[in-house]
Asks: 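Before I ask anything, let me first share the structure, which is written out below as structure tokens.
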Amino acid sequence: MAIEFSEQEQIRRNSLQELYKLGIDPYPAETYKINISAKEIKENFKEGCGFYQDISIAGRIMSRRIMGAASFTEIQDSTGRIQLYFKRDEICTGEDKSFYNIVFKRLLDIGDIIGIKGYVFITQMGEITIHVKEYKILAKSLRPLPIVKEKDGKIYDAFIDPEQRYRQRYLDLIVNPQVKDTFVQRSKLVNSMRSFLSGKDYVEVETPVLQPLYGGAAARPFKTYHNTLDMTLYLRIANELYLKRLIVGGYDGVFEFAKDFRNEGMSRFHNPEFTQMELYVAYKDYEWMMALVEEMIEKIAIDIHGTTKVQVGENTIDFKRPWKRFTMYEVIEHYTGLDISKMNEKELIKVAKDHGVEVDESMAKGKLIDEIFGEACEAKLIQPTFITDYPIEMSPLAKKHRTKEGLVERFEAVCNGKEICNAFSELNDPIDQRKRFESQLELGKRGDEESMVLDEDFLKAIEFGMPPTAGLGIGIDRLAMIMTNSHSIQDVLFFPQMRPEKKIAVATDEEFTELGIPSNWIPLIRKKGINTIEEFKQSNPNKLINDLNGLRKKLKLNIAALTPEIIKNWFE
RNA sequence: CUCUCGGUAGCUCAGUUGGCAGAGCAGCUGACUCUUAAUCAGCGGGUCGUGGGUUCGAAUCCCUCCCGGGAGACCA
């Protein structure tokens with residue numbers, strides 16, 4: 001009986017049954033052979049060129065214009081849309097016209113996937129169109145698609161509700177072609193980076209996502225549990241410490257595109273799971289790494305856009321080498337006019353407060369400087385810029401600066417007001433590394449929830465000797481946001497994290513039957529919004545009898561009307 | 001977590017002072033053999049996010065909760 005479907009869904013399900021009755025399988029198993037794409041036809045077809053006279057193509061019906069014995073339809077394949085022309089007497093060459101009149105006109109809907117054979121021509125209106133000689137249903141669609149129309153570049157009835165777009169990304173991809181492009185560009189970005197690194201003979205590796213200790217970054221982890229080992233495991237927040245073990249093991253260069261997980265706030269720049277590319281190269285330092293980053297990102301921009309210039313919001317960002325470089329102290333002096341390099345903790349607290357930083361007990365010198373930078377400088381750095389030489393306290397895995405006391409050899413690249421990568425000359429002195437971990441423990445005691453934990457196994461590895469190494473982490477999602485001009489991280493993740501939709505508790509048919517309710521009344525009760533036994537018991541029997549008999553009449557159901565006696569039994 | 005805006009038909013949205021829930025597209029029926037936001041005629045389609053309150057009467061006013069967007073907080 002299926003009253004739970006909307007009118008349009010019900011009509012489509014009826015059409016499906018009709019198709020079966022006509023002996024048509026709406027979900028055929030065999031391959032449908034295709035020899036062309038919509039894009040190829042549109043790019044190459046010219047009037048009278050003689051090409052594409054025997055083509056086979058498949059796609060989803062996106063619009064229909066039926067004019068009696070002839071019709072126009074648009075289908076969409078992975079490359080785009082193309083118009084089809086159907087003519088009754090060519091689809092049905094014999095006496096029986098039902099494959100056009102019934103199947104095509106009545107049983108097919110927008111959203112159905114069909115395959116067609118025919119030839120390409122140009123209509124009187126000048127549009128490249130496929131003249132269909134035969135068609136075949138490949139998949140019937142049972143739900144109505146959002147309808148987006150467009151004329152002269154103006155979009156009508158756009159499918160824009162962000163909640164639906166993210167929850168039902170497939171719909172977003174079907175009806176909003178730019179979305180598909182964004183993800184194609186993201187894929188190009190990753191491929192470009194991968195081929196760049198592979199071209200230098202670095203080895204792409206995989207390291208554990210489930211880690212007994214989380215390390216390599218400052219963040220709160222997701223915690224999980226392994227039954228057999230009877231132990232707590234963490235989803236990685238970074239893979240740094242594992243990649244360094246591989247450098248100890250003797251690889252010259254290793255990299256990994258890693259899904260990392262951080263149990264922290266969400267925003268347009270943060271998703272609980274995100275992708276980072278980390279790279280470690282032996283016998284190099286951070287100066288060398290800066291040159292590599294410039295070269296790599298410049299190449300990525302060119303591979304995606306054909307130019308080093310990328311439009312992001314209102315800014316045009318130029319990734320052409322060389323990028324600007326500032327030390328941390330320089331950039332703060334540049335934007336605040338203050339030289340903080342010689343300041344003690346008290347003076348730094350004052351500067352921080354003056355620039356709107358909320359200072360608390362757990363903040364040490366390094367953290368304060370980072371906060372001042374974040375408040376006063378970061379958002380103003382639009383063009384790609386390297387910030388170098390960070391305070392030692394906030395970089396426990398970076399090597400001490402070769403000449404500057406209290407600093408480490410670290411850089412970040414900032415672009416469009418946000419960090420896109422983080423890199424250092426890696427700390428390979430095991431004695432120093434142990435001390436740094438210990439001072440992290442001190443920070444932890446001071447209340448810093450994200451201070452790093454001491455990883456004894458990692459220390460053991462570098463005690464065997466790790467070559468001097470340059471290391472890099474690039475946030476792929478944030479780079480993708482810039483390269484695709486996306487405002488939110490949700491726009492570069494197919495399935496951004498969402499709170500689940502609330503499920504309405506629904507009582508089963510059996511539970512209703514147990515009360516003595518005949519099965520043919522159950523859907524009507526649900527239709528009235530009564531989904532649980534609880535709700536049923538609390539409903540007013542007199543109102544219910546009216547409602548149900550009303551529905552019965554409205555839907556012209558062939559079942560006996562309810563009487564007060566029958567209803568009374570249900571409630572006892 | 002805070003502030004703020006929003007949730008009405010499959011989609012996009014309107015809904016006045018509290019008084020019979022509306023439009024366009026989509027759908028259905030019919031007409032139409034080169035249309036393109038096709039057109040023309042007719043028709044159907046609603047848990048107004050959820051639960052409560054005020055009221056003769058609530059999409060509308062008040063409260064609770066749910067979901068989402070934006071800005072912040074936290075955080076790379």
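Proteins get letters first, then strands, A, B, ... in listed order; numbering begins at 1 in each.
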Asks: Regarding A:Thr73 and A:Arg64, is there a side-chain donor-to-acceptor distance under 3.5 Å anywhere?
Replies: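 No, because no side-chain N or O of A:Thr73 sits under 3.5 Å from a partner of the opposite role on A:Arg64.
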Asks: What's A:Glu74 touching, base or sugar-phosphate or nothing? Going by heavy atoms closer than 4.0 Å.
Replies: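 It contacts nothing in the nucleic acid.
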Asks: Below the 4.0 Å mark, does B:A71 have OP1 or OP2 next to a side-chain nitrogen or oxygen of A:His487?
Replies: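 Result: yes.
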Asks: Using the side-chain heavy atoms of A:Tyr156, tell me which of these nucleotides is nearest: B:C34, B:G10, B:A37.
Replies: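 Nearest nucleotide to the side chain: B:A37.
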Asks: In whole Å, I'd like the distance from the OH atom of A:Tyr85 to the C1' atom of B:U36.
Replies: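 Distance, rounded to whole Å: 14 Å.
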Asks: What integer number of Å spans the P atoms of B:C61 and B:G19?
Replies: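 Per the computed distance, 11 Å lies between those P atoms.
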Asks: Using the ring centroid of each side chain, check whether A:Phe99 and A:Tyr135 are separated by less than 6.0 Å.
Replies: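 Under 6.0 Å, so yes.
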Asks: Report which part of the nucleic acid A:Glu9 touches: base, sugar-phosphate, or nothing (heavy-atom distance under 4.0 Å, all strands).
Replies: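 Since no nucleic acid heavy atom lies under 4.0 Å of A:Glu9, the category is nothing.
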Asks: Base, sugar-phosphate alone, or nothing: which one does A:Arg220 contact when heavy atoms must sit under 4.0 Å apart?
Replies: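 No contact.
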Asks: For the C1' atoms, the ones on B:C56 and on B:C20, what distance do you get once it is rounded to whole angstrom?
Replies: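 One C1' to the other, the span is 16 Å.
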Asks: B:A71 phosphate, OP1 or OP2: any side-chain N/O from A:Arg268 under 4.0 angstrom?
Replies: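 For A:Arg268, the contact criterion (side-chain N or O under 4.0 Å from OP1 or OP2 of B:A71) is met.
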Asks: Establish whether the base of B:A26 is bridged to the side chain of A:Gln8 by a donor-acceptor pair shorter than 3.5 Å.
Replies: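 Yes, a donor-acceptor pair under 3.5 Å.
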Asks: Any chance the side chains of A:Tyr280 and A:Glu278 put a donor and an acceptor closer than 3.5 Å?
Replies: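 Judged by distance alone, the side chains do pair up.
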Asks: For A:Ile66 and A:Phe121, take the nucleotide of RNA chain B holding the closest heavy atom to each; which residue's nucleotide lies nearer the 5' end?
Replies: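 Closest to the 5' end, via its nearest nucleotide, is A:Phe121.
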Asks: OP1 or OP2 of B:G10 sitting under 4.0 Å from any side-chain N/O of A:Arg143?
Replies: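 Checking B:G10 against A:Arg143, no side-chain N or O comes under 4.0 Å of OP1 or OP2.
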Asks: Starting at atom NZ of A:Lys87, determine the distance to atom P of B:C32, rounded to an integer number of angstrom.
Replies: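 Interatomic distance, NZ of A:Lys87 to P of B:C32: 16 Å.
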Asks: Is there a Watson-Crick or G-U wobble partner for B:A41 with both distances under 3.5 Å, and which nucleotide is it?
Replies: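 Looking at the geometry, B:A41 pairs with B:U29.
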Asks: With nearest nucleotide decided by heavy atoms, which residue, A:Gly374 or A:Asp89, maps closer to the 5′ end of RNA chain B?
Replies: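 Of the two residues, A:Asp89 wins.
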Asks: Can you measure A:Gln168 atom CD to B:C11 atom P for me and round it to whole angstrom units?
Replies: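 Atom CD in A:Gln168 sits about 8 Å away from atom P in B:C11.
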Asks: Give the nucleotide from the list B:C34, B:U36, B:C11 with an atom nearest to the side chain of A:Phe159.
Replies: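 Comparing B:C34, B:U36, B:C11 against the side chain of A:Phe159, the answer is B:C11.
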Asks: To the nearest Å, how far apart are A:Ile11 CD1 and B:C43 C1'?
Replies: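 After rounding, the reported distance stands at 11 Å.
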Asks: For residues A:His131 and A:Tyr119, is any side-chain donor paired with an opposing acceptor at under 3.5 Å?
Replies: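 Yes - a donor-acceptor pair under 3.5 Å links their side chains.
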Asks: Using OP1 and OP2 only, check whether a side-chain N or O of A:Arg65 sits under 4.0 Å from B:U35.
Replies: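 It does not, given that no N or O in the side chain of A:Arg65 lies less than 4.0 Å from OP1 or OP2 of B:U35.
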Asks: Which whole number of Å gives the distance between the P atom of B:C13 and that of B:G7?
Replies: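 Result for the P pair: 10 Å, nearest Å.
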Asks: Is A:Arg64 close enough to B:A26 that one of its side-chain N or O atoms is under 4.0 Å from OP1 or OP2 there?
Replies: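 Answer no for this pair, as no side-chain N or O of A:Arg64 is under 4.0 Å from OP1 or OP2.
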Asks: Checking base pairs now: Watson-Crick or wobble, both atom distances under 3.5 Å. What partners B:G72?
Replies: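 Base-paired to B:C1.
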Asks: Pairing check on B:U16: which nucleotide meets the Watson-Crick or G-U wobble criteria with it, both distances under 3.5 Å?
Replies: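 Partner of B:U16: none found under 3.5 Å.
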Asks: Picking from B:C25, B:U35, B:G27, which would you name as closest to the side chain of A:Met125?
Replies: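 Nearest nucleotide to the side chain: B:U35.
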Asks: Check the phosphate of B:G69 against A:Gln490, side-chain N and O only, distance under 4.0 Å to OP1 or OP2. Yes or no?
Replies: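 For A:Gln490, the contact criterion (side-chain N or O under 4.0 Å from OP1 or OP2 of B:G69) is met.
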Asks: What is the separation between atom CD1 on A:Ile147 and atom P on B:A23, rounded to the nearest whole Å?
Replies: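 Computing the A:Ile147:CD1 to B:A23:P distance gives 19 Å.
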Asks: For the side chain of A:Ala70, counting heavy atoms from C-beta on, which of B:U33, B:A73, B:A37 is nearest?
Replies: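 It is B:U33.
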Asks: By the 4.0 Å heavy-atom rule, please label A:Glu150 as base, sugar-phosphate, or nothing.
Replies: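 Sugar-phosphate contact only.
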Asks: Considering just the side-chain nitrogens and oxygens of A:Arg499, establish if one lies under 4.0 Å of OP1 or OP2 belonging to B:G68.
Replies: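 Looking at the OP1 and OP2 atoms of B:G68, one of them is under 4.0 Å from a side-chain N or O of A:Arg499.
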Asks: Report yes or no: is there a donor-acceptor pair, N or O only, under 3.5 Å between the side chain of A:Glu7 and the base of B:G44?
Replies: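 Check passes, donor-acceptor contact within cut-off.
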Asks: Mind checking A:Met498 for me? I need base, sugar-phosphate or nothing, with any heavy atom below 4.0 Å counting as a touch.
Replies: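 The answer is sugar-phosphate, as A:Met498 gets under 4.0 Å only of primed atoms, P, OP1 or OP2.
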Asks: Indicate, yes or no, whether a donor-acceptor pair under 3.5 Å links the base of B:U35 to the side chain of A:Gln124.
Replies: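 It does not, because no donor-acceptor pair links the side chain of A:Gln124 to the base of B:U35 below 3.5 Å.
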Asks: Taking B:U2 as the reference, what is the distance to B:A73 when you measure between their P atoms (whole Å, please)?
Replies: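 Roughly 16 Å separates the two P atoms.
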Asks: Considering only the P atoms, how many Å lie between B:G22 and B:C48, rounded to the nearest integer?
Replies: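 The same atom, P, in both gives a distance of 14 Å.
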Asks: Counting Watson-Crick and G-U wobble pairs only, both distances under 3.5 Å, name the nucleotide matched with B:G24, or none.
Replies: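 By the stated definition (distances under 3.5 Å), B:C11 pairs with B:G24.
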Asks: Classify the nucleic acid contact of A:Arg262 as base, sugar-phosphate or nothing, counting any heavy atom under 4.0 Å across all strands shown.
Replies: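 If one applies the 4.0 Å heavy-atom cut-off, A:Arg262 turns out to touch the sugar-phosphate alone, with no base involved.
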Asks: Please give the nucleotide sitting opposite B:U55 as a Watson-Crick or G-U wobble pair, both distances under 3.5 Å, or none.
Replies: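 Paired with no nucleotide.
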Asks: Please determine, for the side chain of A:Asp109, which listed nucleotide (B:G69, B:U12, B:G27) has the closest atom?
Replies: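 That would be B:G27.
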Asks: Over all strands shown, is A:Ala217 touching base, sugar-phosphate only, or nothing at heavy-atom distances under 4.0 angstrom?
Replies: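 No contact.
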Asks: Would A:Asn271 and A:Asp477 count as having a side-chain donor-acceptor pair, cut-off 3.5 Å?
Replies: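 No, A:Asp477 and A:Asn271 have no side-chain donor paired with an acceptor closer than 3.5 Å.
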Asks: Tell me whether the count of non-hydrogen atoms from other residues, nucleotides or ligands lying under 6.0 Å of CZ in A:Arg325 goes above 12.
Replies: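 Enclosed.
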Asks: Measure from the side chain of A:Met67, starting at C-beta and using heavy atoms only, and say which of B:C34, B:A73, B:A26 lies closest.
Replies: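 For the A:Met67 side chain, the nearest candidate turns out to be B:C34.
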Asks: Work out how far the P atom of B:C66 is from that of B:C25, and round it to whole angstrom.
Replies: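 It comes out at 39 Å once rounded to the nearest Å.
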Asks: Can you tell me if A:Glu18 and A:Asn14 form a side-chain donor-acceptor pair at under 3.5 Å?
Replies: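 No pair is found: no donor N or O on one side chain lies under 3.5 Å from an acceptor on the other.
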Asks: Of all the nucleotides listed (B:G70, B:C25, B:U33), which has the minimum atom distance to the side chain of A:Lys149?
Replies: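 The answer is B:C25.
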Asks: For the P atoms, the ones on B:C32 and on B:G24, what distance do you get once it is rounded to whole angstrom?
Replies: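 Between the two P atoms, the distance is 24 Å.
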Asks: So for atom CZ, which belongs to A:Phe45, do other residues, nucleotides or ligands contribute more than 12 heavy atoms lying within a distance under 6.0 Å?
Replies: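 Counting other residues, nucleotides and ligands, CZ of A:Phe45 exceeds 12 neighbours.
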Asks: Just how far, in rounded Å, is C1' of B:G6 from CZ of A:Arg165?
Replies: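 That distance rounds to 16 Å.
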Asks: Counting only side-chain heavy atoms from C-beta out, which of B:G68, B:C75, B:U36 sits nearest to A:Arg167?
Replies: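 Closest nucleotide among those given: B:G68.
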Asks: I'd like to know whether the aromatic ring centres of A:Phe72 and A:Tyr85 sit less than 6.0 Å apart in this structure.
Replies: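 A:Phe72 vs A:Tyr85: aromatic centres under 6.0 Å.
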Asks: What is the distance, to the nearest angstrom, from the OH atom on A:Tyr166 to the P atom on B:G69?
Replies: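 Roughly 7 Å, once rounded to whole Å.
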Asks: Go through the side-chain N and O atoms of A:Gln168 and A:Tyr170 and say whether any donor and acceptor fall under 3.5 Å apart.
Replies: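 Per modelled atom types, A:Gln168 and A:Tyr170 side chains form a pair under 3.5 Å.
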Asks: Tell me whether the side-chain N or O atoms of A:Asp161 pair up with the base of B:G69 as donor and acceptor below 3.5 Å, since no angle test is needed here.
Replies: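 No pair found.
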Asks: When the P atoms of B:G52 and B:U39 are considered, how many whole Å apart are they?
Replies: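 Result for the P pair: 45 Å, nearest Å.
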Asks: Return the value, rounded to whole Å, for the distance between atom CG of A:Asn14 and atom C1' of B:G27.
Replies: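 Atom CG in A:Asn14 sits about 13 Å away from atom C1' in B:G27.
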Asks: Watson-Crick or G-U wobble partner for B:G6, using a 3.5 Å limit on both distances?
Replies: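 With both distances under 3.5 Å, B:G6 matches B:C67.
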